[in-house]
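Every chain is numbered from 1 and lettered A, B, ... according to where its sequence line falls, protein lines coming before strand lines.
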Amino acid sequence: MSTGQQRGQLRPLMRLRWQMVRSRRKQVLLVVVALAVAVLALGFLSAVSQASLRFGQLDLRTQALVAYPAALLLFLVVATLAPFLAGGAIELIPPAQLSAFPVAARTRFVLSLLLMPLNITWTLQVILLAALVVVGVGGTAQLAPLAGVTLAFVLAGTVVGQSLAWLGTTVRQTRPGRLATNLAAGALAVLVLTRANQETLFNLGDLTIFIPILDVGLSPIGLRWVAAVLALGLAAVLAGALGIRAVAWNQRLATETQGRHEGSRMGRRPQPGSELWAHVVVLSRSVWRSLPLRRGMVMLVALPVLVAAVTELQWTQIVVMPALVAAGAALLFGVNSTALLGGGAAWLGSLPYRPTSFVTAVAVVVATVIGGAATATTVGVAAFAPSSPTTAEAVALVAAGLSSAAWMTATAVRQSIRRPFQADLRGNRDTPAPPGVMAGYSLRLAGAAGVLGLLLAATAQLQAVRAAAVVGTIVLMMALARLALSVRAWRRPEVRSRVFMTVAFG
Amino acid sequence: MLPVEVSGLVVAYDGVRAVDGLDLSVSAGDSVALVGRNGAGKSTTMRVLAGLVPASHGTVHVGGVDARRDPTGARWKVGYCPDTGGLIPRATPWEHLQLAASIRGMPPGWESRASELLDRFDLTDAADRVTAGFSHGMGRRTSVVLAAFHEPEVLLLDEPFDGVDPLGVEATMQVVAEARLRGAAVLISTHLLQLATQATSEVLVLTRGRLAAAAPADELAGDVGQQRYRALLT
């Protein structure tokens, strides 16, 4: 295939995806939401800039510039981890739907780059970097050079991160690659665990490699600035070439890897004792036998624990964890949990099942996964806490775990009934809903998790035991009420028909 | 009352009528084929009978139960093989059978019937593998096993022969014959006219959601039947 042909694939694919948005109203809504996010981000940056200029606080400017190298490092970490957690990238159209078309590796790589703004963590990091730049040098002659070099860094960092993620995901699809990455992960875990509580693994001195970027950005635009931007551009080009090769390799391996997992023989277990338990068993197995869901769960629990091991989190910070992890777990499959049935929804829908037993089973499985992830993370993170918690901190932590798991479960079950999608959840990059919808869910769930986590962290900070219990109980009750409404909706035959038909036939 | 009685059935999606005033009935021990072009309303009719899709208008009785008023009651009477998929991707055929046995409250001993059916459809070796890795034909055969497993009063098979090898077709024909012998009503929706005429006694031709013609199966068999069928479609 010629380069011209490969380039020509990008536009038709994007047009096809746009046409796949079912109604004109939804297309208009998407444009309005995208514009609103852009306007809000620019408004935020403008407000931050105005505020920093008005108050003229030299300290604030200095603090922003001091934080800048750390923000660059954080951005690189996010730019690599975010696509890696998504199995390499966010896909515009599920690969299975394009299997009959010769979509080039280059097209898929470029599309994955273009879709990065749909990853909320990446977008927030970009906004954070932009905010540090405007606070640090807003209204001065240094704004243009620092903004330029930051933009070049963001582009290069994104391409490097995306390439590493594709490479890492692909390497893990081979037996030696899996062995090597498991050993590396194990070694890292041992390193972290053995050195935890003795000294922090990283300190600000490690960030010195990013200081020259700040240095160049604070200088007038000249030969040095141009050379730095060109070097970042070259890094992006080289990383891009590596990324395209990794995608091509991934395309060759994908079918083989999937087939290996699906050809395995499963052991027979005794028949479940009740209808409810039979649903729970089938749905649970569907979760744990799914490659992307298993990987997502491991990452969701392991990463915060590793971060806690190297950063010595305080209890008020640990209190925020359960809600964030619960939100992440809900995003793995919970927001479209009936999709676990796949085409089998059409068959199950023809069985004389009791509607309440099925929806209860869905809630039980979603709650188990969310609660399990939140509990495992909290226990892991708490093990590295520098001291024992006070009563208020312990109560806030328990309240955070219970209420966030309940709230995220209720939200996930509600969305599963209101907005079902057909989703395979077989491949590395499969998500329970289309990329745009997932971005919306991320924003909503992370927002709810943030508010709940911070509220309970505040009660821990203020040593307000009763307040923590009250907040936790109120959220728990609200979640149960929400769940009851979902169960009531599920009792309606037309609702069940719509969900099962969508999940089974699209 | 006949095991399958449908009168004036209308199914509309967003204002479009997929089925538009259909009447049909199937007697106990009889088998009827639904044929027609793509989009004729065959699968939608099967889905209504299976209790998967509610009817917009009309009356639908399955095994003597009003499917519109009591869809769950109607589901006790049917065994349904959907036109595509029909299988939970990360569950094995054996786990599907366990789920069906649990939901239908089947007494102990169902395992021997399940094993016998799996064996007949050459699925014994695949019984403990997840269905996501199945070929299309294997998936179809598994769906027929699931539909016939509990010996339903009404057997609904939507495209059961699609992509299935000759041995699988033979096993499906045997399942249909056995169902008729025990007095079940069988409704088969298919594009394969020759197989439809072999498996059933009457063929109903649907066009645009309506009944265009009904004929005894032997009248639509062979080359002459094929030509007559083509004429009905155009």
Side-chain angles (χ1 to χ4, degrees), chain A residues 258-279 281-291 293 339-355 357-358 422 424-426 492-498 500-501 503-506, chain B residues 13 43 46-54 68 70-92 94-106 108 110-111 125-134 139 142-143 146-147 150 152 156 158:
Chain A
Q258 204 161 280
R260 190 175 62 235
H261 285 282
E262 290 169 354
S264 312
R265 198 173 287 275
M266 306 294 162
R268 284 187 189 178
R269 304 272 173 83
Q271 188 183 4
S274 68
E275 183 186 323
L276 171 66
W277 191 239
H279 286 302
V281 167
V282 165
L283 290 169
S284 303
R285 286 175 183 161
S286 295
V287 174
W288 294 111
R289 287 175 185 168
S290 165
L291 191 69
L293 299 186
L340 293 169
L341 296 173
W347 169 70
L348 183 66
S350 75
L351 297 184
Y353 67 97
R354 284 194 298 277
S357 71
F358 177 77
Q422 190 180 32
D424 257 1
L425 300 173
R426 286 169 78 189
R492 290 161 55 200
E494 64 273 20
V495 171
R496 299 199 299 274
S497 169
R498 178 178 53 78
F500 280 161
M501 288 287 285
V503 166
F505 304 114
Chain B
Y13 297 118
S43 290
M46 298 292 265
R47 288 170 193 171
V48 171
L49 290 169
L52 194 61
V53 170
R68 290 191 70 187
D70 182 11
T72 307
R75 285 189 208 114
W76 281 102
K77 310 286 182 179
V78 305
Y80 171 56
C81 156
D83 57 331
T84 54
L87 301 172
I88 300 167
R90 284 174 294 280
T92 67
W94 191 257
E95 288 163 356
H96 279 81
L97 290 161
Q98 275 189 327
L99 179 62
S102 293
I103 290 176
R104 291 189 182 278
M106 291 170 76
W110 60 264
E111 292 89 345
D125 286 345
D128 297 313
R129 281 167 44 201
V130 295
T131 62
F134 281 14
T142 310
S143 277
L146 294 176
H150 56 288
L156 304 168
D158 198 351

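- Side-chain contact check for B:Q98 versus A:V281: every heavy-atom pair is 4.5 Å or farther apart.
- In terms of heavy-atom pairs under 4.5 Å with chain A, the best-connected choice from B:G133, B:G105, B:G85 is B:G133.
- The closest side-chain heavy-atom distance from B:L99 to A:W347 is below 4.5 Å.
- Each of A:R269, A:H279, A:R268 has some count of heavy-atom pairs under 4.5 Å with chain B, and the biggest count is that of A:R268.
- Residue contact with chain B, scored on non-hydrogen atoms closer than 4.5 Å, involves the side chain of A:L348 exclusively.
- For a residue to count as touching a neighbouring chain, one of its non-hydrogen atoms must lie under 4.5 Å from one of that chain's; by this rule A:S357 does not touch chain B.
- The two residues A:P272 and B:S102 have their closest heavy-atom pair at O-OG, 3.7 Å.
- Most heavy-atom pairs under 4.5 Å with chain A, from the set B:T131, B:L156, B:L146: that is B:L146.
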Checklist entry - What do the steps show when you test B:H150 against A:L351 for side chain to side chain contact (heavy atoms under 4.5 Å, CB included), and what is the final call? => result CA-CA 11 Å; B:H150 56 288; A:L351 297 184; 5.6 Å; no
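- Separation of atoms CG (A:L283) and CZ (B:R90) is listed at 10.5 Å; rounding is to 0.5 Å.
- Proximity of A:P493 to B:P54: side-chain heavy atoms (C-beta onward) are nowhere separated by under 4.5 Å.
- In this structure, the portions of B:A101 lying under 4.5 Å from any heavy atom of chain A include both its backbone and its side chain.
- Considering only residues two or more places apart in sequence or on other chains, B:S43 meets the side chain to side chain donor-acceptor pair (under 3.5 Å) condition with B:D83, B:D158.
- Both the backbone and the side chain of B:L52 come within less than 4.5 Å of a heavy atom in chain A.
- Looking only at side-chain heavy atoms (C-beta outward), B:T84 and A:F505 come within less than 4.5 Å of each other.
- Proximity to chain A involves both the backbone and the side chain of B:P89, based on heavy atoms less than 4.5 angstrom apart.
- Residue B:T92 comes nearest to A:M266 through the heavy atom pair CG2-CG, 3.8 Å, listed as atom of the first residue, atom of the second, then distance.
- In terms of non-hydrogen atom pairs under 4.5 Å with chain A, the most contact-rich of B:A132, B:A127, B:A147 is B:A132.
- Ranking B:R47, B:R129, B:R104 against chain A, the residue ahead of the rest is B:R47, based on heavy-atom pairs under 4.5 Å.
- Chain B forms the most heavy-atom pairs under 4.5 Å with one residue out of A:A346, A:G273, A:G342, and that residue is A:A346.
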Residues 72-81 of chain B side chain polar contacts: donor-acceptor under 3.5 Å, at least two apart:
unit_1, atom_1, unit_2, atom_2, d
B:R75, NE, A:G349, O, 2.8
B:R75, NE, B:G51, O, 3.4
B:R75, NH2, B:G51, O, 3.0

